[in-house]
Chemist: 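Here you go, one structure.
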2 protein chains.
Amino acid sequence: MQPRAHVTLEDVARAADVSLATASRALNGMRVTPHLRDRVLAAAAQLAYTPNAHARALAGASHRTVGVICHDVTDPYFAAVAGGVMRVAGANDLLVMLASTFRDPEREIAYVSMLRAERAPAILLIGSGFEDTRWERAMEAELKPYLDGGGRVAVVSRHRSLKVDSVLPENRAGAAAMARALLELGHRRFAVLSGPRALTTVIDRLGGFRDELAAAGVTLDPADVVEGPFTRDGGYQAMTDLLTRGLDATCVFAVTDVMAIGAYAALRDHGLSVPGDVSVAGFDDIPIVRDLTPPLTTVALPLREIGEKVMELALTENTTRRRRILRLSGEVVLRASTAKVGA
Amino acid sequence: MQPRAHVTLEDVARAADVSLATASRALNGMRVTPHLRDRVLAAAAQLAYTPNAHARALAGASHRTVGVICHDVTDPYFAAVAGGVMRVAGANDLLVMLASTFRDPEREIAYVSMLRAERAPAILLIGSGFEDTRWERAMEAELKPYLDGGGRVAVVSRHRSLKVDSVLPENRAGAAAMARALLELGHRRFAVLSGPRALTTVIDRLGGFRDELAAAGVTLDPADVVEGPFTRDGGYQAMTDLLTRGLDATCVFAVTDVMAIGAYAALRDHGLSVPGDVSVAGFDDIPIVRDLTPPLTTVALPLREIGEKVMELALTENTTRRRRILRLSGEVVLRASTAKVGA
DNA sequence: CCCGCTCCTGAATGCGTTTTCAGTAAGCGC
DNA sequence: GCGCTTACTGAAAACGCATTCAGGAGCGGG
């Protein structure tokens with residue numbers, strides 16, 4: 001009763017009593033006598049035939065499975081971006097091979113290699129890269145032959161480290177705008193919850209924030225910048241460190257919403273209220289932050305659009321002479337987590 | 001300067017001056033004279049050779065890309081489960097083809113078909129199915145030839161609709177336990193924020209909750225059960241409906257944490273406090289709910305483990321005579337969103 | 001010193017499609 | 001009715017790799 005492991009085109013051709021070539025053409029909508037086409041289609045349906053994508057890819061038909069590599073599928077930031085990626089993929093009948101590195105650079109490179117083996121026509125890298133470390137070199141070495149082989153690569157937030165088409169949130173400008181907004185609320189003493197300093201995203205957000213403060217004559221003491229991983233617990237830990245050491249600031253800027261969520265928890269555990277005792281601001285505007293109490297002031301990035309754009313970048317030919325860079329700006333959204341000083 | 005589109009095994013063999021067969025064996029770690037093996041490996045490295053996964057799959061080597069279909073990549077519930085799936089996939093050198101149906105049953109079936117074409121050795125379906133509708137019939141029809149062809153299917157929360165290996169949260173028992181916990185707090189008048197009633201998950205959670213109340217002599221008026229999509233906005237809308245129509249209950253049970261988040265927002269917008277004016281309970285224990293204000297009382301499911309188990313199910317041969325069902329129980333976690341009545 | 005066995009190697013085959021190429025039947029104009 | 005073009009069809013090659021099969025070299029035992 002066990003049917004053949006797989007129904008092949010040959011089975012369909014035989015059932016329809018035509019040649020392989022004709023069956024193939026009928027199934028692919030090329031010109032075939034209606035009479036024969038119907039017979040082939042009927043046979044295919046009857047046998048529940050599904051073309052073998054591998055054979056098809058081998059034989060030269062373009063294949064429709066792109067690769068996406070992210071740091072952590074679990075992260076709300078990525079989830080939001082992935083939403084955009086998936087919508088565009090779905091609209092183009094593409095399948096997405098998704099890999100989560102869980103922030104292990106070694107795995108990231110291994111995944112590129114696997115995606116290369118799959119002959120994915122495009123690879124998307126989502127999440128910020130390291131600035132100038134051996135990992136980025138290795139990544140470039142891995143990507144080079146892929147690009148040479150006609151593969152397309154598009155990235156989010158890795159403009160510095162990788163010279164490929166990219167979607168780039170205006171991290172620097174966004175952080176600067178946030179600095180201005182906070183200064184306007186009267187804040188003068190700041191603390192920053194920073195992510196790993198080697199990440200380009202951190203460099204830009206931190207730099208933009210600090211420079212804007214400096215322009216207003218406010219200096220950010222390096223001791224008030226605490227570093228932690230880009231996670232909720234990273235934010236919790238960083239905020240706790242700050243509190244233990246004696247927090248002097250009236251306002252805390254977390255370079256990431258997810259870290260801000262951790263900061264909220266740490267502050268609550270220390271009996272401090274937001275924004276009563278200290279104002280908190282984040283960056284990204286992941287969906288959940290508007291449902292926090294208080295809703296988080298943040299730099300709103302068009303997360304879903306970022307995903308859509310990076311996928312579109314990977315899907316369209318680059319006709320320009322240079323790599324394409326799409327800069328998407330963020331917008332400061334003031335919510336209840338930040339208050340006027342003295343108010 | 002444009003290198004060959006792709007370096008093939010033949011190129012490597014030629015460069016190493018050995019036969020194709022030897023090159024293949026050397027690369028796959030089969031017995032080959034060390035001298036030759038080194039030459040092949042060196043040539044491969046030098047040419048940046050990457051085996052073509054399609055050719056490999058065609059030639060009969062098992063291929064390592066499994067398929068996962070979910071309702072919405074954007075949903076925190078799925079993100080948490082996906083975390084587990086991805087960990088196990090990573091540990092087994094598997095690539096995951098991920099498809100998000102965005103709750104369109106038609107797309108779900110289309111994706112199964114695509115995954116079938118990709119000859120994925122396993123397909124995972126994550127998220128609850130419909131009870132007994134034409135979609136599930138169509139799904140079964142699509143899955144049948146796949147299973148017959150040796151494909152493996154494992155699902156989460158679809159035990160009724162699909163007769164395949166499954167991981168099954170104890171929805172009914174969990175909801176019953178929650179009912180008991182809430183009764184114990186003194187609540188007698190309840191409202192429920194329900195998802196689409198055709199979903200097995202809803203049937204079980206709602207049923208478990210209602211039956212347990214009934215057992216305690218408390219009846220749940222159908223008018224107090226409001227239905228909405230399994231989303232934050234669905235919860236917001238359902239809660240708002242309830243409030244507009246005049247909320248009589250002291251406690252609201254949302255069949256999903258995500259819906260509870262919407263309920264929080266609706267309550268806040270109506271100037272009601274949780275749990276002062278009304279207690280709220282959820283289901284799932286997605287990570288964010290412990291950072292809500294107040295932290296949400298919920299039925300904690302081992303989300304990541306669910307993902308790990310379903311992947312393991314799909315990866316291991318079913319040696320038993322019947323389909324395997326892994327029941328994972330949830331545990332009521334009382335947090336600050338529920339209060340004693342009259343306290 | 002020869003036979004037989006073991007261990008490797010290389011040539012050839014097959015996997016399921018697409019696509020080229022050649023061939024055949026039909027259709028058209030004269 | 002004949003020659004030419006057009007429109008399909010079928011046979012066969014190619015895609016890149018794993019693997020089977022047969023042959024050859026090396027080795028030990030008799």
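All values below come from the heavy atoms of this structure, side chains included, with hydrogens, waters and symmetry mates left out.
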Chemist: Going by side-chain hydrogen bond (donor to acceptor under 3.5 Å, both in side chains), name the residues that satisfy it together with T320(B), two or more places apart in sequence or in a different chain.
Modeler: N318(B)

Chemist: Got a salt bridge between K144(B) and E140(B), using NZ or NE/NH1/NH2 to carboxylate O under 4.0 Å?
Modeler: no

Chemist: Could you give the CD-to-P distance, from E10(B) to dA14(D), as a whole number of Å?
Modeler: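 Rounding to the nearest Å, CD of E10(B) and P of dA14(D) are 12 Å apart.
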
Chemist: Hey, is E312(A) close enough to R152(A) for a salt bridge, meaning N to O under 4.0 Å?
Modeler: no

Chemist: Using atom CG of L58(B) as one end and atom P of dC15(D) as the other, report the distance to the nearest whole Å.
Modeler: 14 Å

Chemist: Might you list the N or O atoms of the protein lying below 3.5 Å from N or O atoms in nucleotides 18-25 of chain D, with each pair's distance?
Modeler:
from, atom 1, to, atom 2, distance (Å)
dA18(D), OP1, N28(B), ND2, 3.2
dA18(D), OP1, R56(B), NE, 2.9
dA18(D), OP1, R56(B), NH2, 3.3
dA18(D), OP2, S24(B), OG, 2.7
dA18(D), OP2, N28(B), ND2, 3.4

Chemist: Restricting both atoms to N or O, compile the protein contacts to nucleotides 4-6 of chain C shorter than 3.5 Å, with distance only.
Modeler:
none

Chemist: Report the distance from atom CG of N52(B) to atom C1' of dC15(C), rounded to the nearest whole Å.
Modeler: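 Those two atoms, CG and C1', are 13 Å apart.
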
Chemist: Could I get the full list of side-chain hydrogen bond (donor to acceptor under 3.5 Å, both in side chains) partners for S166(B), not counting sequence neighbours?
Modeler: none

Chemist: How many whole angstroms separate atom CZ of R14(A) from atom P of dG10(D)?
Modeler: 15 Å

Chemist: Does dG16(D) have OP1 or OP2 sitting under 4.0 Å from an N or O in the side chain of T8(B)?
Modeler: no

Chemist: Could you note down all residue pairs passing salt bridge (charged side-chain N to carboxylate O under 4.0 Å, His left out) where residues 23-48 of chain B supplies at least one of them, sequence neighbours left out?
Modeler: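 For residues 23-48 of chain B: none.
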
Chemist: Is the backbone N or O of T22(A) less than 3.5 Å from a side-chain atom of S19(A), with the two atoms forming a donor-acceptor pair by type?
Modeler: yes

Chemist: Test the R107(B)-F102(B) pair against the cation-pi criterion, namely NZ or CZ under 6.0 angstrom from the six-membered ring centroid and within 45° of the ring axis.
Modeler: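 The answer is no, since R107(B) fails at least one limit relative to F102(B).
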
Chemist: What is the distance, to the nearest angstrom, from the NE2 atom on H63(A) to the P atom on dG16(D)?
Modeler: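 That distance rounds to 14 Å.
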
Chemist: Heavy atoms within less than 4.0 Å of DNA chain C: which residues of residues 109-120 of chain B have one? Give them sorted by number.
Modeler: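 Residues of residues 109-120 of chain B that come under 4.0 Å of DNA chain C do not exist, since none gets that close.
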
Chemist: Quick check: does any side chain N or O of Y77(B) sit under 3.5 Å from a backbone N or O of G127(B), one acting as donor and the other as acceptor?
Modeler: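 No, Y77(B) side chain to G127(B) backbone: no donor-acceptor pair under 3.5 Å.
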
Chemist: What nucleotide among dA11(C), dG16(D), dA11(D) has an atom nearest to a side-chain atom of S19(A)?
Modeler: dA11(D)

Chemist: Give me the distances for all protein-to-nucleotides 5-8 of chain D N/O pairs that come in under 3.5 Å?
Modeler:
from, atom 1, to, atom 2, distance (Å)
dC8(D), OP1, R31(A), NE, 3.3
dC8(D), OP1, R31(A), NH2, 2.9
dC8(D), OP2, R31(A), NE, 2.9
dC8(D), O3', T33(A), OG1, 3.0

Chemist: Salt bridge (charged side-chain N to carboxylate O under 4.0 Å, His left out): which pairs involve residues 63-75 of chain A, sequence neighbours left out?
Modeler: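 Non-adjacent pairs meeting salt bridge (charged side-chain N to carboxylate O under 4.0 Å, His left out): D72(A)-R103(A), D75(A)-R103(A).
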
Chemist: Go through the structure and list residues passing side-chain hydrogen bond (donor to acceptor under 3.5 Å, both in side chains) with T316(A), not counting sequence neighbours.
Modeler: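 R324(A).
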
Chemist: Taking only residues at least two apart or on different chains, which pairs with a member in residues 115-125 of chain B satisfy salt bridge (charged side-chain N to carboxylate O under 4.0 Å, His left out)?
Modeler: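 As it turns out, the salt bridge (charged side-chain N to carboxylate O under 4.0 Å, His left out) pairs with a partner in residues 115-125 of chain B, which skip direct neighbours, are R116(B)-E142(B).
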
Chemist: Could you work out, with ring pair (Phe, Tyr, Trp, His ring centres under 6.0 Å) as the rule, every residue matching H71(B), not counting sequence neighbours?
Modeler: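 With neighbours one apart ignored, the set is empty.
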
Chemist: Is it the case that the side chains of H63(B) and H54(B) hold a donor-acceptor pair, with the cut-off being a distance below 3.5 Å and no angle test?
Modeler: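 No, no side-chain donor-acceptor contact under 3.5 Å.
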
Chemist: Could you tell me, to 10°, how much the axis swings from one end of the helix from dC1(C)-dG30(D) to dC30(C)-dG1(D) to the other, five pairs per end?
Modeler: 40°

Chemist: I'd like to know if the side chain of T201(B) pairs up with that of S128(B) as donor and acceptor (distance under 3.5 Å, no hydrogens or angles considered).
Modeler: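 S128(B) and T201(B) do have a side-chain donor-acceptor pair below 3.5 Å.
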
Chemist: State whether the side chain of E136(B) and the backbone N or O of F130(B) hold a donor-acceptor pair below 3.5 Å, judged by distance alone.
Modeler: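 Side chain of E136(B) to backbone of F130(B), a donor-acceptor pair under 3.5 Å: yes, one is there.
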
Chemist: So, the side chain of D11(A) versus the backbone of T8(A): is there a donor-acceptor pair under 3.5 Å, distance only?
Modeler: yes

